[in-house]
Amino acid sequence: MQSVTSASVLTERVAEAKRQGLSIGLVPTMGALHEGHLSLIRRALDENDFVVVSLFVNPIQFNNKEDFEKYPRTIDADLKLVGALPQDANQLLAFVPSVEEMYPEPTDGIHYDLGMVAEVMEGPRRPGHFNGVAIVVRRLFDLTQPNRAYFGEKDFQQVAVIRSLLRTIQYPIDLVACPIVRADDGLALSSRNTRLSPAARSWAPMIYDTLMQAVEMSEYEDVETVRLWVVDTLASAHEVSPQPDGLCFEPEYFEIVDDTTLQPIERWRAAKGVVGCIAVWLDGVRLIDMVRFR
Ligand code: AMP
């Protein structure tokens, strides 16, 4: 595996791969890699002759300065993890650009209409976030012109937003949505998990436990009852089992939505596919997760 920091070297390598008729897979990440990222990279290596993994903490997708500053950066360990994956010689290229290399021109004037999928849940709560995601993903698409791009369902709304971006820019790229990888105790793997205290980390699996119970409840309760139950269960969990250091879950939202339009539904049968998406604060860390109901 090779790693490059220069966008022009990246495009040369991609052009060479294209000349050889190789298929190209792209896996965009912000580094601090874990098994969730590695599952995407493994799949890309399985399905493509040449794979670009980008590692770039994208400043313009953070609406919260502190979150950007505290975002874990472990580039040396990341490159070791990626290099250790089974791969053919010259099959994998890591792209680790600086901000200037990623954005040689100002991005302030770029605004994508990402449609209604960007207007719910994370959209209004993280102003500018999805536009920042769209800008970086578009730039990566331009630099690598992949046949396939790999994203995790952990960020379920992000997948829908990128589908919407692809419809707008009309690039012939297959978006491959990959299932969430969880720790043994059920917590969705996330780079931000490393910021949880030991007490918070051991309590955090309650999020997934609650979502799983919600799925069972959906057999006999209506949508709004299940939705409120999830929010209340997490918000009052510290009353039921008091935690050290005043730890508590602070749910920001839990929405039960059509898995294509991402609009909230009122009845289980209102959509062919139904998912629940949650954002919840714990120990100063914002965690997101999702579960499929139908
Ligand atoms: P990030 O570095 O957080 O921007 O994530 C890069 C890609 O990895 C995104 O497409 C994420 O959805 C995906 N990803 C992150 N965590 C997981 C996970 N636990 N399971 C599957 N995919 C994940």
Side-chain angles (χ1 to χ4, degrees), residues 25-47 51-64 67-68 70-75 77-79 81-82 85 94-97 99 102 117 121-122 126 129-141 144 146 148-166 173-196 201 204-205 207-208 211 259 262 275 277-280 285-292:
L26 168 69
V27 186
T29 82
M30 297 205 296
L33 300 185
H34 50 64
E35 265 305 312
H37 299 111
L38 298 184
S39 73
L40 271 54
I41 303 170
R42 279 195 200 93
R43 179 143 175 209
L45 285 165
D46 266 0
E47 297 178 352
V51 171
V52 177
V53 177
S54 62
L55 301 113
F56 176 64
V57 184
N58 178 29
I60 61 169
Q61 76 181 68
F62 285 82
N63 55 311
N64 177 325
D67 189 29
F68 174 65
K70 286 192 179 165
Y71 200 84
R73 288 159 172 90
T74 57
I75 196 72
D78 292 347
L79 292 176
L81 282 174
V82 178
L85 293 174
F95 178 47
V96 193
V99 174
M102 187 63 106
V117 293
M121 302 191 286
E122 299 288 297
R126 302 187 66 191
H129 167 65
F130 284 130
N131 199 52
V133 169
I135 292 171
V136 77
V137 169
R138 165 86 185 260
R139 172 96 173 118
L140 290 166
F141 285 168
T144 61
R148 301 180 192 84
Y150 295 79
F151 294 89
E153 287 194 332
K154 155 99 183 347
D155 300 276
F156 193 80
Q157 190 174 5
Q158 173 170 277
V159 172
V161 164
I162 290 161
R163 264 189 223 295
S164 166
L165 172 72
L166 276 173
I173 298 172
D174 277 346
L175 189 163
V176 184
C178 305
I180 300 187
V181 178
R182 299 180 179 281
D184 290 342
D185 58 16
L187 180 65
L189 296 184
S190 163
S191 307
R192 290 185 177 88
N193 292 352
T194 56
R195 286 170 40 201
L196 295 169
R201 173 63 191 81
I207 300 169
Y208 185 57
L211 295 179
D259 70 351
L262 300 199
V275 297
C277 299
I278 191 162
V280 47
V285 182
R286 188 173 187 273
L287 301 171
I288 63 169
D289 202 344
M290 61 81 66
V291 73
R292 185 165 283 281

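All values reported here derive from a predicted model rather than from experimental measurement. For ligands, and for the atoms within them, numbers begin at 1 and follow the listed sequence.
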What protein heavy atom is closest to [atom], reported as residue, atom name and distance in Å?
{"atom": "atom 10 (O) of ligand 1", "value": "G152 N, 2.9 Å"}
{"atom": "atom 4 (O) of ligand 1", "value": "M30 CG, 3.6 Å"}
{"atom": "atom 20 (N) of ligand 1", "value": "V181 N, 2.8 Å"}
{"atom": "atom 11 (C) of ligand 1", "value": "D155 OD2, 3.1 Å"}
{"atom": "atom 5 (O) of ligand 1", "value": "H37 NE2, 3.4 Å"}
{"atom": "atom 23 (C) of ligand 1", "value": "K154 CB, 4.0 Å"}

Against heavy atoms of [X], which atoms of ligand 1 measure under 4.0 Å?
{"X": "Y71", "value": "3 (O)"}
{"X": "L189", "value": "16 (N), 17 (C), 18 (C), 19 (N)"}
{"X": "I180", "value": "20 (N), 21 (C)"}
{"X": "T29", "value": "2 (O), 6 (C)"}
{"X": "L40", "value": "7 (C), 8 (O), 10 (O), 13 (C), 22 (N)"}
{"X": "P28", "value": "6 (C), 7 (C)"}
{"X": "F151", "value": "10 (O)"}

Does any N or O in the side chain of [X] come within less than 3.5 Å of the main-chain N or O of [Y], such that one atom is a donor and the other an acceptor?
{"X": "R192", "Y": "V285", "value": "no"}
{"X": "E35", "Y": "L189", "value": "no"}
{"X": "R43", "Y": "Y150", "value": "no"}

Measuring from [X]:[atom1] to [Y]:[atom2], what's the distance to the nearest 0.5 Å?
{"X": "L287", "Y": "K154", "atom1": "CG", "atom2": "NZ", "value": "7.5 Å"}
{"X": "F130", "Y": "I135", "atom1": "CZ", "atom2": "CD1", "value": "13.5 Å"}
{"X": "L140", "Y": "F95", "atom1": "CG", "atom2": "CZ", "value": "7.0 Å"}
{"X": "N58", "Y": "H129", "atom1": "CG", "atom2": "NE2", "value": "9.5 Å"}
{"X": "T194", "Y": "Y71", "atom1": "OG1", "atom2": "OH", "value": "8.5 Å"}
{"X": "I173", "Y": "R148", "atom1": "CD1", "atom2": "CZ", "value": "11.5 Å"}

inquiry  = Looking at ligand 1, would H34 count as a contact under a 4.0 Å heavy-atom criterion?
reply    =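 Heavy atoms of H34 do come under 4.0 Å of ligand 1.
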key: Whether F56 lies under 4.0 Å from ligand 1, heavy atom   =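 Judged by the 4.0 Å heavy-atom criterion, F56 does not count as contacting ligand 1.
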key: Heavy-atom closest contact (F141 atom, A149 atom, distance)   =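 Scanning both residues, the minimum pair turns out to be CE2-CB, 3.7 Å.
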ask   = ligand 1 versus F156, non-hydrogen atoms closer than 4.0 Å: side chain, backbone, both, neither?
value =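 Looking at F156 and ligand 1, no heavy atom falls under 4.0 Å.
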task = Examine R163 relative to F156 and say whether NZ or CZ is less than 6.0 Å from the centre of the six-membered ring and inside a 45° cone about the ring axis.
result =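 The answer is no; the distance or angle limit is not met.
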task = Could you pull out, from A177, C178, P179, the option with a heavy atom nearest to atom 21 (C) of ligand 1?
result =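 Ranked by closest heavy atom to atom 21 (C) of ligand 1, first place is P179.
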